[in-house]
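This report concerns only the one structure given below.
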Amino acid sequence: MPSPRIAKLEDQIQVVVAQMLQRRVKDPRLGFVTVTDVRLTGDAREATVFYTVMGDQSDLAATAAALESAKGLMRSTVGKRLGLRFAPTLTFVPDATTEAAADMEDLLARVRQADEELESRKGTEFAGSADPYRADDETE
């Protein structure tokens, strides 16, 4: 759990970077980018900026190149706006949350399908009791 100061800096860095991408960075390679999260080390020297891009893999690659070229400008602006003695180095990482969520949805769909196939089998019985958590000596 980060300290409250680090958590506040993470939020402020996210806002500053998002504003920079919206207003100051005019690179044509930059796609539709959303800054999803910022993680800052405990000494506030390195910031990892997670982002997502609308589009395909070519848009992601072009946006990564644009972010890499604008890294210095964004770092100096973050340092100036937040009044930091040492501006943290920025590392841009594509956020894999959406892909992980899609993979999880696919797995859940496969499990549901397997459950439906098992349920559709007629004439089968449970190996034990139908409800393993039901106690036979329950008093009501």
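For this chain, numbers begin at 1 and follow the sequence in order. Only heavy atoms go into these numbers, but all of them, side chains included; no hydrogens, no water, no symmetry mates.
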Once side-chain hydrogen bond (donor to acceptor under 3.5 Å, both in side chains) is applied, do any residues pair with E68, and if so which ones, sequence neighbours excluded?
K71
Do you reckon V93 sits in the same ILVMFWY cluster as V17, going by side-chain contacts under 4.5 Å, direct or chained?
no
Out of curiosity, does V15 fall in the hydrophobic cluster containing F92 (side-chain heavy atoms, cut-off under 4.5 Å, transitive links)?
no
Please step through side chain to side chain contact (heavy atoms under 4.5 Å, CB included) for the pair L84 and L9, ending with a clear verdict.
CA-CA 10 Å; L84 300 174; L9 281 175; 4.0 Å; yes
Got a second to check how far R75's CZ is from I13's CD1, nearest 0.5 Å?
11.0 Å
Could you list all the salt bridge (charged side-chain N to carboxylate O under 4.0 Å, His left out) pairs where at least one residue sits in residues 25-46, not counting sequence neighbours?
D27-R29, D37-R39
For the pair T63 (side chain) and L60 (backbone), establish whether a donor and an acceptor sit closer than 3.5 Å, ignoring hydrogens and angles.
no
Report the C-alpha distance between M54 and D59 in whole Å, list the side-chain angles of each, state the deciding distance to 0.1 Å, and finish with yes or no for side chain to side chain contact (heavy atoms under 4.5 Å, CB included).
CA-CA 8 Å; M54 293 288 285; D59 293 333; over 6 Å; no
Show your reasoning for whether side chain to side chain contact (heavy atoms under 4.5 Å, CB included) applies to M74 and L21.
CA-CA 9 Å; M74 285 193 268; L21 290 173; 4.0 Å; yes
Going by side chain to side chain donor-acceptor pair (under 3.5 Å), name the pairs with one or both residues in residues 93-103, residues two or more places apart or in two chains.
T36-D95, D95-T97
Here the pair of heavy atoms bringing A87 nearest to G79 is CB-CA, 3.8 Å
Over all atoms of both residues, closest heavy-atom pair of T77 and R24:
OG1-NH1, 3.8 Å
Which distance, rounded to the nearest 0.5 Å, do you find between the CG of L67 and the CG of L90?
10.0 Å
Treating Ile, Leu, Val, Met, Phe, Trp and Tyr as nodes and any side-chain heavy-atom pair under 4.5 angstrom as an edge, say whether F50 and L40 lie in one connected cluster.
no
So CD of E105 and CG of L108: to nearest 0.5 Å the spacing works out to 5.5 Å
Distance-minimising heavy-atom pair for T41 and I6:
O-CD1, 3.7 Å
